[in-house]
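A quick write-up on the structure given underneath.
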Amino acid sequence: MNLGSGILKGLVETARNFVGSYYDPARLVTIQYPDERLPLPEKARSFPMLVYDGEDPEKGLRCVACKICEKECPPQCIYIVLDRDEKGRPRRRPRIFDLDISVCMSCQICVEVCPFDSIKMNTEFELSTADRFGSLLLHKMDLAKPASYYLGLHPVEAGQVNARLAAGPGHAETKAKPGAAPAPAAGTTSGATPAGSDRT
Amino acid sequence: MFDALDQLFVSLKHWLVGQLPAALQPWASLVISAAAILGVFMTLFALTVLIERKGLGRIQNRYGPNRVGPWGLLQPMADFIKMLTKEDIVPSGADRVVHFVAPLVMVVPVLLAYAVIPVGRNMAAVDFNAGLLFFFAVGACIELAVFMAGWSSRNKYSLLGGMRAIAQMISYELPLILSTLPVVMLAGSMSLVDITDAQGGHYGGWLARWHVFTPWGLAGLLLFTVAATAESNRAPFDLPEGESEIIAGHLVEYSGFKYALFFIGEYLGMFAVSALGITLFLGGWRAPVLWLEWVPSYMWFFLKLGGFVALFIWLRGTLPRLRADHLMNLAWKFLLPLVLLNAMSAALWHYTAQWTFAGAGLARWLLCASLVGVPYVVLGRRLFAGQHIGPRTYRMAA
């Protein structure tokens, strides 16, 4: 029967915490978020982005508007319109690529089905906005991110992707589904090719 | 010089009152006292809320609020603005009048209670000859306020909170009042000024004759503190609020400034009951030892009040909430017998004062202390006997 000694023991413990938290920084595990940040883990993800090679997001975009991601997206938050030239021939790049992040559920299925390693997951999470319609609908230019940015976010994954792309078009097919068209892959995966060769 | 500093606020008030025509002087005196009480204790409230949040944070190895102003010092201002600008919601089924009046009934009596407390030499707003009785009479209004809030909200959680509060506060009022009985017995007065005066003088020419330095005073202070914690609804006796069980009890349906008033009332009640404990057992505004008499009396009072508040915060950060039946057992089976025995111990202390044989002082001390100490051990053991204390075992769940 402790008759109150338990209370004293508890008081000593809390007093030790109180004093210790001023002397021992290891006790204070709080990360004061807006000022301090933990590095995001490799596998962190928020919403998709479109990766482009080179300097110009318009020309270097890996996306060929094949619409596989649009079809696979479970909540159907992707909307793609193929770009065509004056004669109506397809240009193998999206004219419109919209992604509604108020609908997106970050499932990453679009990333897994993309044969061109074009759509990848971003880690940007500070997306709060006062406008819940316009600001949450991301357009092609909002989504386009340089390959270096992707490498910075997911170094391991991006390294593998870069190695695959550097190995040449044949290897890209191994990732593509059997049904997916291999021919367009040949055109776009060679990221260093001049923009003109993108045109059909 | 020290006297002038000690009586600074008293002479300031006299001077201010003296500026006015004679007909207004009694009224002006009251208004100035009331304004001072309001100003000082509201500031103390703001400070305490901040210190409590910081302190609880440190107890749990957190930083506590540190965003508003340097080291979070402006947090009370931010809280105040938030409270003022929040929407005031009254439930559609509520009893509107009672719902509105309850927060006022909470705060006003607590402020009245400060009138009889001497916060320094010659610094009681009213020297009332039944001051202690007045204090408890006004303090009883808090129970009414809590139940009014619980009943008028028309919410099952509010009502449960109100019922718990009534059960708890009425049960603990008994040990609270009875623990002050020995002080009244020995001082022969209910006036808090007289009770402070009864603790004047020094043991052995240096140690103040506070009641805590007697066996019944020490036991009385401990019993009083337990009962006072329960009476002011603070953790570990915060069953009426019990966030995890009944959300916030009687506070569920309150928002905005009405909620803030309840909050203020709760803290002011805590200060008031601490101030009473200081006056009854810790010599009020008196210095603990002879050579510290030069420190102004109000400084001593607020130093002791700060100590009491720190103790309450510390207890809140340490102890988990009691179960309702344990709460009742503690009040009726444990505290009540002990406070009654403590009154007997005080009587014994009074009648053994003329013992003159060798070692009389020590014998007297041990005798009076054992009159409370032995029942404490015996009662504690009896109450714990047959109770399983330790990790819970589950029979049905494998």
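Everything numeric in this text was worked out from a predicted model, so none of it was measured. Letters A, B, ... mirror the listed sequences (proteins, then strands); counts begin at 1.
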Heavy-atom cut-off 4.5 Å, strictly under: side chain, backbone, both or neither for B:Ile59 against chain A? both

Residue [X] excluded, over 12 heavy atoms near [atom1] under 6.0 Å:
X: A:Tyr23; atom1: OH; value: no
X: B:Arg382; atom1: CZ; value: no
X: A:Gln76; atom1: CD; value: no
X: A:Arg132; atom1: CZ; value: no
X: B:Met77; atom1: CE; value: no
X: A:Glu55; atom1: CD; value: no

Specify the closest pair of heavy atoms between [X] and [Y], including all atoms of both residues, with the distance to one decimal.
X: A:Gln32; Y: B:Asn66; result: OE1-ND2, 2.9 Å
X: A:Thr30; Y: B:Arg62; result: OG1-CA, 4.3 Å
X: A:Thr14; Y: B:Trp314; result: OG1-NE1, 3.0 Å

Donor-acceptor contact below 3.5 Å, side chain B:Arg58 vs main chain A:Ser21: yes

Separation of A:Leu11 CG from B:Leu319 CG (nearest 0.5 Å):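 Here the interatomic distance stands at 6.0 Å.
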
Kindly compute the distance separating OG1 (B:Thr318) from CZ (A:Phe18), expressed to the nearest 0.5 Å. 11.5 Å

Counting only heavy atoms closer than 4.5 Å, note whether A:Asp35 contacts chain B via side chain, backbone, both or neither. side chain

